[in-house]
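Below, chains carry the letters A, B, ... as their sequence lines are ordered, and counting in each starts from 1.
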Amino acid sequence: MEYNFKEIEKKWKKYWEENHIYKVETDKSKPKYYVLDMFPYPSGAGLHVGHPLGYIASDIYARYKRLQGFNVLHPMGYDSYGLPAEQYAIQTGQHPEVTTINNINRYRQQLDKIGFCFDWDREVRTCDPKYYKWTQWAFIKMFKSYFNTELKKARPIEELVKIISEKGTENIPAHCTEEIKVSADEWNQMSKKEKNQLLMNYRIAYLGETLVNWCPKLGTVLANDEVSEGISLRGGYPVEQKLMKQWCLRVSAYAERLLNGLDTIDWTESIKETQRNWIGRSEGAEMIFPLAGKNEGMKIFTTRADTIFGVTFMVLAPESEYVEKVVTSSQKDEVEKYLDQVKHRTERERIADRKVTGVFTGSNAINPVTGKEIPIYISDYVLAGYGTGAIMAVPAHDSRDYAFAKHFNLPIIPLIEGCDVSEESFDAKDGIMMNSSNEKLQLNGLKVKEAIAKTKVFISEAGIGKVKVNYRLRDAIFSRQRYWGEPFPVFYDEDGQPQVLEENELPLELPKIDQFKPTETGEPPLGRAKNWKAKNGQPLELCTMPGFAGSSAYYLRYMDPHNDEALVSKEADEYWRNVDVYVGGTEHATGHLIYSRFWNKFLYDYGYVCEPEPFKKLINQGMIQGRSNFVYRIKDTNKFVSLNLKKDYDVTPIHVDVNIVSNDILDTEKFKLWRPEFKDAEFVLEDGKYVCGYAVEKMSKSMFNVVNPDDVVDNYGADTLRLYEMFLGPIEQSKPWDTNGIDGVNRFLKKLWYQFYKGDQFIITDEKASPEALKSLHKLIKKVTGDIETFSYNTSVSAFMICVNELSAMKCHSKEIYQELIVLLTPFAPHISEELWHAMGNESTVCDAKWPKWNEEYLKESKVTYAVSFNGKTRFTIEVDADMPREELEKEALANPIAQKWMEGKTPRKIIVVPKKIINVVI
RNA sequence: GCCCGGAUGGUGGAAUGGUAGACACGAAGGACUUAAAAUCCUUUGGCCAUUGCGGCUGUGUGGGUUCAAGCCCCACUCCGGGUACCA
């Protein structure tokens, strides 16, 4: 019998589906295990060979855990709201829902071909009202909450209202956008509208006027992680800073917990480091600099309090609220000119053109330690969003301040012994302090680190400032001026103040509209919806939620996907708890993986979930790049020259479809049919073949290097695809896709198959397994078990090849061996495993088999080979009895004639025998 | 600039400080075949010897630690990724 993968795979897929093999239920008699993939956004291009890399890896792990007796949750769904479907709708008028469903169906077809063990009964789609009901529900909860800075958790807003009505807002334990002082009396006399406005300052989901990344081309606001270097990640359009009223999530309140939580989870150091940088904790001091001639101060943040004696000027961000207060009438015109100029620069221009710019405000501040007056400037190198939007400038020890001081000719005072500041600043936090003592504070002679500590103590004691921890992490901007997203469960009351709907009004369904552009008046597309009003007739919010809204809690919904009463029932949550292994790309490090953790922590605060972290272990799969092929056309002809002959000609390289190239050899007949202009192509061959050039590039349609998994499955079968993708190299490594080695794994499967069948005869027998065969098998069990645990699948695949080669050489056809081998292979190649499993007479599915354990007894050697080295260099090997005592072993080694040669008659100084089976003789 | 990775044959890649290059691809030669495909066998880091068993050399560069370094330490070069006027 031939290894007919097409029939086999079809047969078992049907069997698995009809018998609901992969259906999972809560089962308290078994330990749970939750293996999750980052669900895909169903794009129009379909699945390419890069997607399944992670899915196969997680599928192997899920199947392995199941074989080990765990109750494994391994679901899949679709992140189905997003910009591309909406952009497509604007261009073609096709409703995004239609596009999305088509794409989902295509994805499903492609996924089904690969033989994953997903429980499709648990599928979620973020655009399904039954699903986004719970996205809206969480938003309402966030709106009705504030973050208590003493308890460090979310609490109902009513508790805060009570505190304010009793004590006012001074020193209240609530995370806020800005500090606002309101006494209890003032609060109690406020109107409903005023109270609502004030509470916005504290809510976890709040409407705030903030600087946002506005992308005019996309007509929407973007989050920080959706923008890179002033360019939108989707579409690549310029982004500008704009002050707008937007829904925000108070993620910054959770900065400390998000940071500390990283120490409790098993993620790669590199991605934890990325998150740490993104959260950006910096310990420093907040200091007040009095304004000259005024009874007011200016608050700044610094991590270098020790450099206070070197402060020669102050700088404000252009958007700083202090600007108004310090600009003098004489400088007013110039400042306004500057602010105007800054405003009209896009983020990108600002980054590209990093010239020193700035303007003097006319006012001075007083250095609180030295008492000296120093000028206050405005410059866009100071960011409004970080710290207090104002800095003390120390040109000698900060490169940006240095550049500014040089440009405006401001004094530079060096503070560290021996540093040279004639050409550049000395930024390192290292050295001995000088020029830094007066009657108030003495830092001279101290090391920088000591000086920082001493200054911090001094400023809090002297009442000049306080020690402060600052985070770079900003609140998430949660509004998008788009149609294809979750509607906010929000309406605007008679005061124009936002109010949330009642929970029993959810889901608030996205209305159907027929045009997807913003309205003529510039409102978001939802402005076109008829009767977009709450039950009470008041207008509903026109913005929708961003992409990360729906993906922030989907892992919880999989636990209990059909529950209409709760996001997840307590019972389901307490059983499944959190994700044991999460597989996905690193590109979500500062987006989804932060938002999900935030969202989970918020739900945790109220006890809706029982684990503080959503993803215990994270595996990052690398990207699969494209491998493009080129043909070389001789200029002005229709003649193509093979790679190694092209140097003799003047040629133009042309991208050629990789699907008509095999191992860099062009199929010339297919090439002629590929495009009409190549119909009459002629070739200059080498050794009768046309060899193509290649390059590693991004996988894209325009480079003709996209490989669909379907094509590979059609040619080689799903099992070969699965094995090959794992064999390609370590899972976390990025690599170009090429099929050069795929024949190898395909041959392996065939070889295995022919251990079972000779001609039409089934040749597995009940004969007893030989010790060699048992040893080979148990070596494999040990290796594969260890490898799967560490996700080293590539070496596992090699181990299978070695084992089958050994068994084949032994002519072993013992059922005893293959029963266990097939179970081991099941996670990697489930179809062929199922087929051979049944061929051996097993009734039930191999998915319910038991993962074998290895027996060290079988692995024991009677004879052992030692490598004998002289001064560390191995010269020969000897084979001895495994239990030979050390002295005899040394004698045996030295008795060898080759040993005599290397010793040159000398006596060894030392002989080292290592458990690794090495004898090193030091002469 | 800062942070994190990485560098091993023609290629993808193996090597808890202990015989570097497992396994696979490709290539070369051979067997079977009228032929091709498929399959099987042999060789395959480089250099030298190959009527000698073998020898030398070799993991980006230069040092160091060690009986022993691809692996550890120091300095450097190059490549990849993340991030940035973050005070």
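Base pairing of A36(B): no nucleotide in any strand meets the Watson-Crick or G-U wobble criterion (both distances under 3.5 Å). In this entry C76(B) has G60(B) as its Watson-Crick or G-U wobble partner, both defining distances falling under 3.5 Å. In this structure, A27(B) forms a base pair with U43(B), meeting either the Watson-Crick or the G-U wobble geometry with both donor-acceptor distances under 3.5 Å.
Near RNA chain B, defined here as any heavy-atom distance below 4.0 Å, the residues from residues 785-798 of chain A are N794(A), T795(A), S798(A), listed numerically. Contacts between residues 720-731 of chain A and RNA chain B, counted as heavy-atom distances below 4.0 Å, involve F727(A), L728(A), P730(A).
For E319(A), the side chain to side chain contact (heavy atoms under 4.5 Å, CB included) partners two or more places apart in sequence, or in a different chain, are L211(A), A317(A), A384(A). Partners of V880(A) under the side chain to side chain contact (heavy atoms under 4.5 Å, CB included) rule, at least two apart in sequence or in another chain, are Y866(A), I878(A), M884(A), L889(A), E892(A). The ring-ring contact (aromatic ring centres under 6.0 Å, His included) test applied to F313(A) returns F404(A), not counting sequence neighbours. Residues satisfying the side-chain hydrogen bond (donor to acceptor under 3.5 Å, both in side chains) test with N805(A), not counting sequence neighbours, are K751(A). Legend: residues meeting ring-ring contact (aromatic ring centres under 6.0 Å, His included) with F800(A), ordered by chain and number and at least two apart, are F828(A). E856(A) is linked by a side chain to side chain contact (heavy atoms under 4.5 Å, CB included) to K782(A), W854(A), L859(A), counting only residues two or more places apart in sequence or in another chain. By the side chain to side chain contact (heavy atoms under 4.5 Å, CB included) test, E256(A) is found to be paired with K152(A), N260(A), Y471(A), residues two or more places apart in sequence or in another chain being considered.
For K751(A), whose side chain is taken as the heavy atoms from C-beta onward, the closest listed nucleotide among C40(B), C3(B), U19(B) is C40(B). For E273(A), taking side-chain heavy atoms from C-beta onward, the closest of the listed nucleotides A22(B), C4(B), U83(B) is C4(B). Side chain of T877(A), nearest nucleotide from U19(B), G26(B), C23(B): U19(B). For T590(A), taking side-chain heavy atoms from C-beta onward, the closest of the listed nucleotides A87(B), U83(B), U39(B) is U83(B). The listed nucleotides are A87(B), G26(B), G18(B); the one nearest the side chain of R747(A) is G26(B). Here G55(B) is the nucleotide among G55(B), G18(B), G82(B) with the atom lying nearest to any side-chain atom of W902(A). Side chain of K901(A), nearest nucleotide from C4(B), G55(B), C25(B): G55(B).
Using a 4.0 Å heavy-atom cutoff across all strands shown, R875(A) reaches sugar-phosphate atoms only and no base atom. D427(A) comes within contact range of no nucleotide atom at all, as no heavy-atom separation falls under 4.0 Å. Here W267(A) lies out of heavy-atom contact (under 4.0 Å) with every strand. When heavy atoms are screened at a 4.0 angstrom cut-off, R909(A) is found touching no nucleic acid atom at all. Q733(A) comes within 4.0 angstrom of the backbone, heavy atoms only, and of no base. As judged by a 4.0 angstrom heavy-atom cut-off over every strand, V868(A) is placed among residues making no nucleic acid contact.
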Between the protein and nucleotides 66-68 of chain B, which nitrogen or oxygen pairs are less than 3.5 angstrom apart?
unit_1: C67(B); atom_1: O2'; unit_2: N920(A); atom_2: ND2; d: 3.4
unit_1: C67(B); atom_1: O2; unit_2: N920(A); atom_2: ND2; d: 2.5

Donor-acceptor contacts under 3.5 Å from residues 584-591 of chain A side chains, at least two apart:
none

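A heavy-atom distance below 4.5 Å is found between the side chains of I912(A) and K910(A).
Sorted by first and then second residue, the pairs that involve residues 302-318 of chain A and meet salt bridge (Lys or Arg N to Asp or Glu O under 4.0 Å), not counting sequence neighbours, are R304(A)-D306(A).
The glycosidic torsion of G9(B) lies within 90° of 0, placing the base in the syn range.
A donor atom on one side chain and an acceptor atom on the other are found under 3.5 Å apart for T720(A) and N746(A).
Both P915(A) and Y471(A) lie near RNA chain B, and the one whose nearest nucleotide falls closer to the 5' end is P915(A). In terms of position on RNA chain B, the residue among S270(A) and T303(A) whose nearest nucleotide sits closer to the 5' end is S270(A).
N277(A) has its CG atom 13 Å from the P atom of C85(B), to the nearest Å.
In summary, the aromatic rings of Y724(A) and W737(A) are positioned with their centroids under 6.0 Å apart.
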